[in-house]
Amino acid sequence: MSKELTSRAEDYSQWYNDLVIKGGLADYSAVRGCMVIKPYGFALWENMRDQLDRMFKETGHVNAYFPLFVPKSLFEAEEKNAEGFAKECAVVTHYRLKGDPEKKGKLMVDPEAKLEEELVIRPTSEAIIWNTYKDWIQSYRDLPLLINQWANVVRWEMRTRLFLRTAEFLWQEGHTAHATKEEAIEETVKMLNVYAEFVETYMALPVIKGVKTANERFAGAEDTYCIEALMQDGKALQAGTSHFLGQNFAKAFEVQFLNKENKQEYVWATSWGVSTRLIGALIMAHSDDQGLIIPPRIAPQQVVIVPIYKGDESKPAIDAKANGIMTALKAKGIRVKYDNSDTSRPGWKFAQYELQGVPVRIAMGLRDMENNVVEVARRDTKEKSSVSMDGLADHISNLLEEIQDTIYQRALAFRNENIRPANSWNEFIQLLDEKAGFVSAHWDGTPETEEKIKELTKATIRCIPLDNKQEEGVCVLSGKPSTQRVLFARAY
RNA sequence: CGGGAUGUAGCGUAGCCCGGUUAUCGCGCCUGGUUUGGGACCAGGAGGUCGCAAGUUCGAAUCUUGCCAUCCCGACCA
């Protein structure tokens, strides 16, 4: 493993790749477009997943699991959705291999084993789920149906990037059914808020809640709500989406219920998801040229203790002290590791744990023991301080909260500094090119203008913020009247 | 799927133009020793179908053709 990381200024993309690979989060795999999530990266995902799962359960949802394969006839039932995903579907056509008579020891697809009906590998599960819900929903008493699943999905992308865009990725998808339109919309917004709270509170990443324009909307949805985050290079990243699906899937799959008046009605639906892409967002928002910076609340390791000793005679004493500290920290629920391996030296360990973004490092040697102190280094600011061993666990516990807050405030300040209003076309393109970030501008509300702006600048409308203030203005491109500003940015 | 580039040990590479002993160097790895307050040092050692296949040749990492894979730039996308 090379010691050198590419700096952000030198090559932002390469910096990102270096962090993922050298930080031990993931690896390239033998399969084109697919990655291996390594134990450290998966531990991070597990922490995110577990917290989200708690939040879903608190809001009344339960988990279930639906098949990976979707028969083509089901997949195509909701036309807009099918059309939206058609270009990136992997399809299973055969169910057997056999020995290749031409090439000894090689296998070939058995042409005799062609499937009657092709199976689409889910790019998302609406089709298989709504086909199932049809049988589960008969009466208003069966509603609402609030189900989530943790799963993998496959979208055959032309170009991939670790965590941000891979052919297979992990996510959760919530699929709910409701008796009324109002209730479904309420659910859509509720889950958007859950996402925003999770991302801001646990990932320390400020987001803008908004609604997508028709162009950017999920295929098959009536409305797509989103949370948008800003990366350090000034590009926006969609961190989560929540869709109000109207009755589109209910009608496509004939999901009706008898209401209290004994009349058949189509149910109202939502779906919502976040994926391992969030890990990419986390990396690009917080990390620096020394490596990853992971917020304490989701960090696989929150504290690492590194002993410093001369010769073997001082080691047992340091071990004993370190174990005492570990016990105290664990009692406070802190995820701590004592790295007393003698296969690498302290300096190497320091660099390694900085690369991996462990929020707090405690170093202790004989000198510290004599003074009843330890050296505490925080990853986010690189500050080092000498801290008394008395009450150390409380100090660390508070420090972790402070780090969480510092990381969030830093990201928030950066985000806020990088939302700029543009009142003319010249100003608009100048801001996009020179400053990046979000540009807040008037738009005439037509897909044509949005498309034109995308062609000219590569910037898209990231969202119409939910709390948007209404103001008279004219579209930056067309000059037509507009009632509000929307957020533009170049995006991942 | 178009345009460009690259494939040599786990990683990064030299050699290729101009074919010729046992394929270079660094990191990492293994053994022993000395070390340990910011990526240690010394000595010894292991590790290779030179992406795959065919061709040219007395002889191919090197030349030719085909294939495969990866990366970058486009179109597509969470």
Side-chain angles (χ1 to χ4, degrees), chain A residues 1-6 11 13-14 17-18 21-22 27-34 84-89 103 106 123-124 153-173 195 212 215-219 221 224 226-229 236-243 271-281 290-291 306-315 318 339-356 361-371 373-375 377 382 384 386 454-455 458 460 462 491-492:
Chain A
M1 187 184 286
S2 165
K3 291 161 189 168
E4 296 305 315
L5 288 178
T6 307
D11 184 343
S13 300
Q14 194 54 48
N17 284 335
D18 281 0
I21 301 293
K22 292 174 182 169
D27 220 338
Y28 291 105
S29 74
V31 192
R32 178 190 166 81
C34 295
F85 283 107
K87 292 186 297 293
E88 46 190 309
C89 285
K103 296 173 194 155
K106 304 285 183 190
T124 180
V153 287
V154 169
R155 297 181 186 176
W156 212 262
E157 301 289 349
M158 292 297 182
R159 278 187 72 183
T160 58
R161 290 197 68 188
L162 295 164
F163 287 114
L164 295 177
R165 182 166 300 111
T166 46
E168 179 192 13
F169 58 90
L170 304 183
W171 78 345
Q172 60 66 219
E173 45 181 326
Y195 287 155
K212 288 289 188 190
N215 282 356
E216 300 282 322
R217 192 181 291 151
F218 176 69
T224 288
C226 63
I227 49 174
E228 291 286 326
L237 186 144
Q238 180 175 302
T241 51
S242 183
H243 314 288
S271 71
W272 26 274
V274 296
S275 72
T276 39
R277 185 180 221 215
L278 280 176
I279 295 175
Q290 275 67 51
V306 177
I308 292 157
Y309 50 87
K310 286 193 171 67
D312 281 343
E313 65 275 15
S314 57
K315 198 158 175 275
I318 297 175
D339 185 353
N340 67 344
S341 64
D342 55 7
T343 49
S344 48
R345 290 153 46 93
W348 191 89
K349 291 176 185 172
F350 291 177
Q352 184 62 21
Y353 292 115
E354 275 165 19
L355 171 62
Q356 296 203 292
R361 180 184 73 234
I362 297 176
M364 50 185 296
L366 276 184
R367 214 160 65 204
D368 301 304
M369 303 247 302
E370 282 162 15
N371 298 321
V373 296
V374 292
E375 181 193 78
K382 304 218 187 64
K384 286 194 247 186
S386 203
K454 186 179 176 183
E455 267 173 48
K458 289 187 176 175
T460 49
R462 300 319 302 156
Y492 278 99

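Per chain, numbering begins at 1; letters A, B, ... match sequence-line order. Worth knowing before you read on, the calculation uses all heavy atoms, side chains too, and leaves out hydrogens, waters and symmetry mates. A quick note: this is a predicted structure, and the numbers were derived from the prediction, not measured.
Base contact: Thr166(A) has a heavy atom under 4.0 Å from a base atom. Gln238(A) comes within 4.0 angstrom of the backbone, heavy atoms only, and of no base. Residue Phe169(A) is in base contact, counting any heavy-atom pair closer than 4.0 Å across all strands shown. At a threshold of 4.0 angstrom between heavy atoms, the contacts of Leu237(A) with the nucleic acid are absent. In this structure, Asp368(A) reaches the bases: a heavy-atom distance under 4.0 Å links it to at least one base atom across the strands shown. Arg161(A) comes within 4.0 angstrom of nothing in the nucleic acid, heavy atoms only.
If you check the side chains of Asp339(A) and Tyr353(A), you find a donor sitting under 3.5 Å from an acceptor. A donor atom on one side chain and an acceptor atom on the other are not found under 3.5 Å apart for His243(A) and Ser271(A). The closest side-chain donor-acceptor pair between Asp11(A) and Thr6(A), if any, does not fall under 3.5 angstrom.
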Query raised in the report: What string of B, S and - do you get for nucleotides 1-8 of chain B, 5' to 3', when a contact is any protein heavy atom under 4.0 Å?
Result: --------
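The ring pair (Phe, Tyr, Trp, His ring centres under 6.0 Å) search around Phe85(A) returns Phe218(A), not counting sequence neighbours. Checked against side chain to side chain donor-acceptor pair (under 3.5 Å), Glu88(A) has no partners two or more places apart in sequence or in another chain. Partners of Trp171(A) under the ring pair (Phe, Tyr, Trp, His ring centres under 6.0 Å) rule, at least two apart in sequence or in another chain, are Phe169(A). Qualifying side chain to side chain donor-acceptor pair (under 3.5 Å) partners for Glu354(A), counting only residues two or more places apart in sequence or in other chains: Arg361(A).
Stem analysis of RNA chain B (at least three stacked-register Watson-Crick or G-U pairs, each with both distances under 3.5 Å) gives B:1-7 with B:68-74, B:10-12 with B:25-27, B:29-34 with B:40-45, B:51-55 with B:63-67.
Across the protein-nucleic acid pair, Lys454(A) atom NZ and rA75(B) atom C1' stand 11 Å apart, rounded to whole Å.
Counting all heavy atoms, side chain and backbone alike, Glu168(A) lies closest to Thr166(A) at O-OG1, 2.8 Å.
Side-chain atoms of Lys382(A) stay outside donor-acceptor range of the base of rG38(B), with no qualifying N/O pair under 3.5 Å.
Phosphate contact (OP1/OP2 of rG74(B), side-chain N/O of Lys458(A), threshold under 4.0 Å): present. Using a 4.0 Å cut-off, no side-chain N or O of Arg345(A) falls inside it from OP1 or OP2 of rC41(B).
Panel note: side chain Gln172(A), backbone Val274(A); a donor-acceptor pair is recorded below 3.5 Å.
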